[in-house]
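Shown next, in structure tokens, is the structure this report addresses.
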Amino acid sequence: MKKILYKVIIVTLGIFITSCSSDDEQNNTATETGKLGLKFDNSYNNNDLILDTQVITTANNEKLKVNVVRYIVSNIVLTKSDGTTFTYPKAKSYFIADEDDAAGYQFDLADIPAGDYTKVKFGIGVDKEQWQLGASGQGDFLAKAQAKDLLWSWSAGYKFLAFEGTFTSATVTESSSFMIHTGQIGTSYNYTEVTLDLPTKALVRKNITPAIHVVTDLSKILDGENTIKLSDYNEAGMGAMIMGGEALPKITANISKMFRIDHVHND
């Protein structure tokens with residue numbers, strides 16, 4: 001009888017210790033944080049984008065050479081597999097993607113709660129609430145935007161996206177410049193948000209730093225759900241300058257559909 005009782009005590013202690021160990025591991029994971037990278041890869045019709053030299057043909061048979069691609073990525077929110085979300089601190093959640101700058105490809109996020117993430121949401125532009133904080137409320141991002149020519153003036157606000165280059169068409173036979181800038185125009189703010197499902201979970205751990213590879217298909221700016229013909233906006237001596245008017249909300253709608261997740265690295 002004593003032997004049986006002894007064995008029961010040993011088994012019970014084993015279960016208790018295992019349970020405590022498991023609880024400790026879960027608690028450690030719950031309080032653990034890690035890092036995550038967001039990499040933006042600009043393309044055009046699923047081809048790598050090459051500035052200045054690559055000739056691109058649009059759906060309207062216009063020939064483009066792109067020399068500037070910049071846009072503001074903001075307000076990042078990550079969703080876990082259990083449906084809970086983590087909002088990256090707003091003060092640190094403004095980045096500039098710049099095709100002509102090696103630092104403008106990947107943004108490294110720190111202090112992310114450990115977990116299995118299945119979705120990412122981000123804005124393109126600076127939300128109105130942030131802008132309404134005034135110039136003094138922008139932290140160091142205002143200077144960064146000015147350095148990248150992504151600010152018209154403080155009263156006019158930020159440029160959310162700058163897409164520039166030259167083009168020719170059936171009616172514009174000599175190379176003409178084009179400039180597409182989105183942002184606040186009158187009462188239209190033109191800020192947009194994008195939510196993307198991850199094809200595989202991003203496993204944020206203390207010792208695992210996932211990288212989410214986002215592909216930006218810039219062809220959608222002109223050839224998205226709304227088709228924009230640069231020739232329709234061309235003015236002699238000025239080129240095609242789209243910075244307002246009826247085209248800008250259409251382009252904003254196109255921008256919201258130009259992102260997709262290519263893959264996730266869990267390294």
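What you see is a predicted model, and the numbers here were worked out from it, not measured in a lab.
Looking at every heavy atom in both residues, Pro113 comes nearest to Val204 through O-CG1, 3.9 Å. The two residues Arg205 and Gly115 have their closest heavy-atom pair at NH1-O, 3.2 Å. Summarising the geometry of Ala240 relative to Leu230, their closest heavy-atom pair is CB-O, 3.5 Å, with the distance given to 0.1 Å. Heavy-atom minimum distance, Ile72 versus Leu150: CG1-CD1, 4.0 Å. Pairing each heavy atom of Val215 with each of Ser43, the nearest pair is CG1-OG, 3.5 Å. Asn226 and Ala253 get closest at one heavy-atom pair: ND2-CB, 3.8 Å.
Here the CG atom belonging to Leu196 is positioned 9.5 Å from the CD1 atom belonging to Ile212, to the nearest 0.5 angstrom. A distance of 11.0 Å separates CG of Leu64 from CG of Asn67, quoted to the nearest 0.5 Å. With values rounded to the nearest 0.5 angstrom, Lys220 atom NZ is found 10.5 Å from Thr227 atom OG1. If you take CG on Leu222 and CD1 on Ile242, they are separated by 7.0 Å, rounding to the nearest 0.5 Å. Atom CG in Leu78 sits 11.0 Å away from atom NZ in Lys121 (nearest 0.5 Å). Taking CG of Leu218 as the reference point, atom CG of Asn254 lies at 12.0 Å (rounded to 0.5 Å).
A salt bridge (Lys or Arg N to Asp or Glu O under 4.0 Å) check over residues 246-260, counting only residues at least two apart or in different chains, returns the pairs Glu225-Lys257, Glu246-Lys250, Arg260-Asp262. For residues 95-114, every residue pair satisfying the salt bridge (Lys or Arg N to Asp or Glu O under 4.0 Å) rule, not counting sequence neighbours, is listed here: Arg70-Asp98, Asp98-Lys148, Asp101-Lys148. Screening residues 31-66 for ring-ring contact (aromatic ring centres under 6.0 Å, His included), with sequence neighbours left out, gives Phe40-Phe107, Phe40-Phe122. Applying the salt bridge (Lys or Arg N to Asp or Glu O under 4.0 Å) test to pairs two or more places apart or on separate chains, those with a residue in residues 159-174 are Asp149-Lys159. Residue pairs meeting the salt bridge (Lys or Arg N to Asp or Glu O under 4.0 Å) criterion with at least one partner in residues 81-93, sequence neighbours excluded, are Lys90-Asp127. Residue pairs meeting the ring-ring contact (aromatic ring centres under 6.0 Å, His included) criterion with at least one partner in residues 72-94, sequence neighbours excluded, are Tyr94-Phe141. Residue pairs meeting the side chain to side chain donor-acceptor pair (under 3.5 Å) criterion with at least one partner in residues 49-59, sequence neighbours excluded, are Thr57-Lys63. Residues in residues 199-231 take part in these ring-ring contact (aromatic ring centres under 6.0 Å, His included) pairs, two or more places apart or across chains: His213-His263. Within the structure, ring-ring contact (aromatic ring centres under 6.0 Å, His included) contacts touching residues 223-250 (residues at least two apart or in different chains) do not occur.
At a threshold of 4.5 Å between non-hydrogen side-chain atoms, the residues Met243 and Met179 count as touching. Using a 4.5 Å heavy-atom threshold, the side chains of Val66 and Leu51 count as touching. In this structure, the side chains of Val120 and Leu198 come closer than 4.5 Å at one or more pairs of heavy atoms. When side chains are defined from C-beta on, Phe95 does not count as touching Leu38, because their heavy atoms never get closer than 4.5 Å. The side-chain heavy atoms of Thr182 and Tyr71, taken from C-beta on, include no pair separated by under 4.5 Å. The side-chain heavy atoms of Thr216 and Asp41, taken from C-beta on, include no pair separated by under 4.5 Å. With contacts defined as side-chain heavy-atom distances shorter than 4.5 Å, the pair Ile251/Ile221 qualifies. Between Asn190 and Pro249 the shortest side-chain heavy-atom distance falls below 4.5 Å.
In this structure, Tyr189 and Tyr191 have tilted ring planes: the angle between them lies in the 30° to 60° band.
Phe167 and Leu49 fall within a single hydrophobic cluster, where Ile, Leu, Val, Met, Phe, Trp and Tyr side chains are chained together by heavy-atom contacts under 4.5 Å. Note: the hydrophobic cluster containing Leu248 also contains Met241 (ILVMFWY, side chain heavy atoms under 4.5 Å, direct or indirect links). Two different hydrophobic clusters hold Ile96 and Ile124 under the rule that ILVMFWY side chains link at heavy-atom gaps under 4.5 Å. Residues Ile261 and Val73 are members of one and the same hydrophobic cluster, defined by side-chain heavy-atom contacts under 4.5 angstrom among Ile, Leu, Val, Met, Phe, Trp and Tyr.
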Full working for side-chain contact (heavy atoms from CB on, under 4.5 Å) between Asn47 and Ile56: CA-CA 10 Å; Asn47 295 312; Ile56 295 164; over 6 Å; no

Under the criterion side-chain contact (heavy atoms from CB on, under 4.5 Å), I'd like the reasoning laid out for Leu161 against Met258: C-alpha separation, chi angles, the key distance, then a yes or no. CA-CA 13 Å; Leu161 173 140; Met258 71 179 186; 3.9 Å; yes

Please assess Lys201 against Val264 for the test side-chain contact (heavy atoms from CB on, under 4.5 Å), listing each intermediate value before the final yes or no. CA-CA 7 Å; Lys201 295 175 183 177; Val264 176; over 6 Å; no

Do Phe160 and Ile255 pass the side-chain contact (heavy atoms from CB on, under 4.5 Å) test, and can you show the C-alpha distance, the side-chain angles, and the key distance before you say yes or no? CA-CA 11 Å; Phe160 300 161; Ile255 288 170; over 6 Å; no

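Between the side chain of Asp223 and the backbone N or O of Ala59, at least one donor-acceptor pair lies under 3.5 Å. Looking only at distances, no side-chain donor or acceptor of Gln106 sits under 3.5 Å from a matching main-chain atom of Gly37. For Ser74 (side chain) and Gly125 (main-chain N/O), a donor-acceptor pair under 3.5 Å exists by modelled atom type. Judged by distance alone, the side chain of Ser93 and the main-chain N or O of Ile76 form a donor-acceptor pair under 3.5 Å.
Applying the 6.0 Å contact sphere to NZ of Lys80 captures more than 12 heavy atoms from other residues, nucleotides or ligands.
Applying the ring-ring contact (aromatic ring centres under 6.0 Å, His included) criterion to Phe163, with sequence neighbours excluded, gives Phe178. In this view, Asp48 satisfies the salt bridge (charged side-chain N to carboxylate O under 4.0 Å, His left out) rule with no residue, not counting sequence neighbours. Listed by chain and residue number, Asp140 satisfy the salt bridge (charged side-chain N to carboxylate O under 4.0 Å, His left out) test with Lys144 (two or more places apart in sequence, or in another chain).
In this structure, a donor-acceptor pair under 3.5 Å is absent between the side chains of Gln130 and Tyr158. Between the side chains of Asn45 and Ser219, at least one donor N or O lies within less than 3.5 Å of an accepting N or O.
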